[in-house]
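Working notes for the structure below.
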Amino acid sequence: MIDLRQLRDDPERVRASQRARGADPGLVEAVLAADERRRASLQEFEKARAGQKARSREVSKAKGEEKQQLIAATRELAQRVKSLEAAADSAVEELGALARKLDNVVEDGAPAGGEDDYVVLREVGTRRDFDAEGFTPRDHLELGELLGAIDTERGAKVSGARFYYLTGAGARLELALLMCAVDTAVAHGFTPVITPTLVKPEVMAGTGFLGEHSDEIYRLEADDLYLVGTSEVALAGYHSGEIVDLSAGPLRYAGWSACYRREAGSYGKDTRGIIRVHQFHKVEMFSWCRVEEAHDEHLRLLGFEEEMLAKAGLPYRVIDVAAGDLGSSAARKYDCEAWVPTQGRFREVTSTSNCTTYQARRLDVRERDPHTPDGGNRHVATLNGTLATTRWIVAILENHQQQDGSVRVPEALRPYLGGIAVLPPVT
RNA sequence: GGAGGUGUCGCCUAGUCCGGUCUAUGGCGCCCGCCUGCUAAGCGGGUUUCGGGCUCAACCCCGAUCGCGGGUUCAAAUCCCGCCGCCUCCGCCA
């Protein structure tokens with residue numbers, strides 16, 4: 001939900017945002033008109049209601065015959081109030097339905113356009129030249145099988161396509177990576193959190209995932225609960241309905257959770273290995289901060305992601321995602337993509353979004369406004385960013401492989417693997 | 001899953017039996033002022049939240065708001081129905 005006051009004050013800004021996203025700018029007019037209707041309808045109801053309350057007070061004072069007459073005379077007014085209230089309710093409802101269609105207002109500087117219109121901000125690290133090294137790199141699944149680390153066949157046998165087992169070195173590598181991510185987050189002041197992975201509909205809706213991406217999400221019919229695709233959902237819900245204190249700076253959490261995705265629209269894409277799977281693990285950063293601080297906080301989250309990529313020793317690039325490819329909650333999004341040698345291209349391994357007040361508005365998370373004297377409340381900004389996921393294993397295996405099929409462990413991860421420097425083939 | 005209890009403004013609390021100045025009481029905390037003078041105590045005032053009047057601030061007025069949603073009624077914190085959270089006990093299962 002965007003700020004309706006901002007929409008009224010500066011509709012052109014929202015129209016421009018809609019255009020940048022490739023969405024309908026005409027929606028702005030529709031929302032403004034609905035807002036007019038809501039206020040008119042509300043005023044009418046409130047005026048009638050005030051009259052009714054005045055009459056009701058007279059009734060309470062009157063006696064006998066006079067009282068009976070007053071009651072009879074007020075009956076009609078009560079009916080009128082009831083229907084005006086219903087009208088006002090539906091006007092509010094209609095406004096809400098329209099306003100919820102508006103995606104977050106895109107931050108200035110974000111590239112316009114769709115999925116392919118991203119801008120590459122920088123490329124970091126050196127890609128290995130396997131020709132010069134004299135061997136053909138194996139892909140992550142082949143390596144995973146050599147190391148006894150990844151078993152997709154049994155995953156499919158037990159749970160179906162896009163499921164897998166991480167075994168032995170694979171399981172340890174995942175735990176090491178995620179622990180390293182948690183420690184990195186803690187070092188930067190984040191509170192580690194293990195979150196629920198089943199959430200209520202209002203929380204899922206509050207984070208903006210029930211819009212166009214709703215078919216990506218698993219739902220448990222019998223209990224009316226959703227499986228989260230990221231701990232962002234549970235972390236966003238954590239402070240819902242609360243007034244938080246940001247006077248000492250942002251509230252930062254690092255969520256650790258399993259993540260579930262239906263991958264409904266991706267038949268035939270990335271079917272080999274564990275690049276695109278229904279279930280994986282992730283450490284996710286989540287910040288609550290003042291709107292004024294959101295831009296800087298966003299760049300900080302991006303910095304922490306790059307720090308993790310450096311620890312994993314991965315060559316990567318940073319892209320500024322185009323407006324049309326942002327989720328409905330995001331005003332700006334940066335992805336880090338790691339180089340995957342056998343694919344000859346970069347694949348997304350992190351994503352950080354500045355959601356400004358969009359999520360906080362839906363989830364009703366506010367702070368005491370530091371700018372008004374008697375402390376009105378205002379909505380806060382939310383941001384999220386990936387620190388590590390199961391997919392990183394793909395990049396780590398491929399980028400650090402050696403000719404004999406063994407894989408070098410990045411130095412920063414070794415302490416988490418009992419000091420092991422190389423993962424040897426087991427077959 | 002079953003039984004009982006419970007949910008009132010930031011926190012605690014009165015009010016609910018028996019519907020009507022409840023326009024929700026008091027305390028704590030917080031804010032402003034006074035007195036005192038230097039970490040105290042006292043005095044006076046203010047303080048639910050959201051929306052609207054209304055374009056910023058102040059003031060004022062109006063509406064909603066007593067866990068949530070319905071209903072009855074001229075009138076609901078109060079009566080009725082449904083749901084949810086929490087507590088206690090029982091059952092079942094890790």
Side-chain angles (χ1 to χ4, degrees), chain A residues 1-14 31-100 196-206 220-226 234 237-248 251 291-292 357 360-380:
Chain A
M1 179 82 82
I2 72 161
D3 184 358
L4 288 179
R5 184 150 296 174
Q6 185 202 349
L7 178 72
R8 256 182 265 158
D9 290 349
D10 190 2
E12 185 44 40
R13 172 122 199 270
V14 182
V31 172
L32 286 172
D35 187 43
E36 279 306 318
R37 286 196 296 276
R38 164 183 145 264
R39 279 185 293 168
S41 161
L42 218 49
Q43 276 176 51
E44 209 182 341
F45 156 67
E46 286 178 359
K47 214 175 132 197
R49 179 75 176 135
Q52 185 198 19
K53 286 178 76 167
R55 295 293 283 276
S56 182
R57 249 170 267 133
E58 289 171 32
V59 169
S60 71
K61 278 184 240 158
K63 295 268 189 292
E65 178 81 0
E66 192 194 357
K67 186 164 189 160
Q68 291 315 309
Q69 277 178 5
L70 271 172
I71 287 176
T74 313
R75 217 161 263 153
E76 198 185 328
L77 179 58
Q79 281 312 308
R80 196 171 118 79
V81 167
K82 194 164 274 188
S83 69
L84 284 174
E85 181 170 27
D89 283 350
S90 67
V92 168
E93 194 57 44
E94 279 165 33
L95 171 64
L98 276 172
R100 273 190 292 276
T197 51
L198 292 170
V199 299
K200 297 179 179 182
E202 62 264 30
V203 174
M204 193 54 94
L220 298 189
E221 183 86 38
D223 300 283
D224 199 17
L225 289 169
Y226 292 91
Y238 188 66
H239 284 303
S240 64
E242 297 180 14
I243 292 173
V244 294
D245 182 5
L246 299 178
S247 57
L251 297 174
V291 236
E292 300 83 3
T357 60
R361 207 169 290 283
R362 289 184 170 199
L363 293 163
D364 193 27
V365 181
R366 295 169 294 164
E367 64 164 336
R368 301 246 171 256
D369 193 336
H371 304 299
T372 61
D374 29 315
N377 298 321
R378 61 170 196 167
H379 291 98
V380 303

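To find a chain, count down the sequence lines: A is the first, B the second, and so on, and within it residues start at 1. Because the structure is a prediction, the values reported are computed rather than measured.
We find that CZ of Arg37(A) is positioned 18 Å from C1' of rG51(B), with the value rounded to whole Å. Arg49(A) places its CZ atom 15 Å from the C1' atom of rG51(B), with the value rounded to the nearest Å. Whole-Å rounding puts the Gln52(A) CD to rU23(B) P distance at 14 Å. Separating the CZ atom of Arg366(A) from the P atom of rU49(B) is a distance of 9 Å, rounded to the nearest angstrom. Atom P of nucleotide rC62(B) and atom CD of Glu46(A) are separated by 11 Å, given to the nearest angstrom. Atom-to-atom, CD of Glu44(A) to P of rG52(B) comes out at 17 Å; the value is rounded to the nearest Å. Look at CZ on Arg378(A): it is 18 Å from C1' on rC50(B), rounded to the nearest Å. His239(A) has its NE2 atom 18 Å from the P atom of rG10(B), to the nearest Å.
Look at the C1' atom in both rC68(B) and rA58(B): the space between them is 36 Å, to the nearest Å. Of the P atoms belonging to rU6(B) and rU48(B), the separation is 29 Å, rounded to the nearest Å. Rounded to whole Å, the separation between the P atoms of rG71(B) and rU78(B) comes to 14 Å. Straight-line distance between the P atoms of rC17(B) and rC93(B): roughly 44 Å, to the nearest whole Å. When the P atom is compared between rU23(B) and rA75(B), the two are found 14 Å apart, to the nearest whole Å. Comparing the same atom, P, in rC79(B) and in rG20(B) gives a spacing of 11 Å after rounding to whole Å. When the P atom is used for both rC87(B) and rC74(B), the distance is 42 Å, rounded to whole Å. For the C1' atoms, the distance linking rC22(B) with rG15(B) amounts to 8 Å, nearest Å.
At the phosphate of rA64(B), OP1 or OP2 sits under 4.0 Å from a side-chain N or O atom of Lys53(A). Taking 4.0 angstrom as the limit, Asn377(A) places a side-chain polar atom (N or O) nearer than this to OP1 or OP2 of rC50(B).
The number of heavy atoms from other shown groups lying within 6.0 Å of CZ (Phe45(A)) is above 12. Within 6.0 Å of atom CD in Glu93(A), 12 or fewer heavy atoms from other residues, nucleotides or ligands are found, so the atom counts as exposed in its surroundings.
Taking the nucleotide of RNA chain B with the nearest heavy atom to each of Asp35(A) and Ile243(A), the more 5' of the two is matched to Ile243(A).
Shown here, rC83(B) forms a base pair with rG67(B); the pair counts as Watson-Crick or G-U wobble because both key distances fall under 3.5 Å. Base pairing of rU88(B) is made with rA3(B), judged by Watson-Crick or G-U wobble geometry with both donor-acceptor distances under 3.5 Å. The partner of rC60(B) is rG53(B), by the rule that a Watson-Crick or G-U pair needs both atom distances under 3.5 Å. Under the Watson-Crick or G-U wobble criterion, with both distances below 3.5 Å, rC17(B) has no partner in any strand shown. For rC93(B), there is no paired base (Watson-Crick or G-U wobble, both distances below 3.5 Å). rA40(B) is unpaired under the criterion used here, namely a Watson-Crick or G-U wobble arrangement in which both key atom distances are under 3.5 Å. Pairing for rA75(B) is absent, with no Watson-Crick or G-U wobble pair whose two atom distances lie under 3.5 Å.
Between Arg39(A) and Asp35(A) there is a salt bridge, with a side-chain nitrogen of the basic residue lying less than 4.0 Å from a carboxylate oxygen of the acidic one. Salt-bridge annotation for Glu76(A) and Arg55(A): absent, with no side-chain N of the basic residue lying under 4.0 Å from a carboxylate O of the acidic one.
Nearest approach of Val380(A) to Ala360(A), heavy atoms of both residues: O-CB, 3.1 Å. Scanning both residues, Ala234(A) and Pro196(A), for their nearest heavy atoms gives CB-O, 3.5 Å. When all heavy atoms of Leu363(A) and Gly237(A) are compared, the pair lying nearest together is CD1-N, 4.3 Å. Nearest approach of Glu58(A) to Leu70(A), heavy atoms of both residues: OE1-CD2, 4.0 Å. Nearest heavy-atom pair across Leu4(A) and Ala99(A) is CD2-CB, 4.2 Å.
In this structure, Lys47(A) reaches neither bases nor backbone, as no heavy-atom distance under 4.0 Å exists between it and the strands shown. In this structure, Glu58(A) reaches neither bases nor backbone, as no heavy-atom distance under 4.0 Å exists between it and the strands shown.
Atoms CG and CG, on Leu198(A) and Leu220(A) in that order, are 5.5 Å from each other to the nearest 0.5 Å. Between Glu242(A) atom CD and Ser240(A) atom OG the span is 7.0 Å, to the nearest 0.5 Å.
Sorted by residue number, the members of residues 1-10 of chain A with any non-hydrogen atom under 4.0 Å from RNA chain B read Arg5(A), Arg8(A). Less than 4.0 Å separates RNA chain B from at least one heavy atom of each of the following residues of residues 82-98 of chain A: Lys82(A).
The closest side-chain heavy-atom distance from Leu95(A) to Val31(A) is below 4.5 Å. Taking 4.5 Å as the limit, some side-chain heavy atom of Leu225(A) sits within range of a side-chain heavy atom of Lys200(A).
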Show me the protein contacts with nucleotides 19-22 of chain B, counting only N or O atoms at under 3.5 Å.
{"residue": "rG20(B)", "atom": "N2", "partner": "Ser56(A)", "partner atom": "O", "Å": "3.3"}
{"residue": "rG20(B)", "atom": "N2", "partner": "Ser56(A)", "partner atom": "OG", "Å": "3.2"}

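Side chain of Arg38(A), nearest nucleotide from rA75(B), rG52(B), rG63(B): rG52(B). The nucleotide whose nearest atom lies closest to any side-chain atom of Ala50(A) is, among rU49(B), rG52(B), rG63(B), rG63(B). In this structure, the nucleotide among rG63(B), rG51(B), rG53(B) sitting nearest to the side chain of Arg39(A) is rG53(B).
One cannot find a donor-acceptor pair under 3.5 Å joining the base of rG63(B) and the side-chain atoms of Gln43(A).
Side-chain contact, Arg49(A) with Gln52(A): a donor N or O sits under 3.5 Å from an acceptor N or O.
The closest donor-acceptor contact from the side chain of Arg361(A) to the backbone of His379(A) lies at 3.5 Å or more, if one exists at all.
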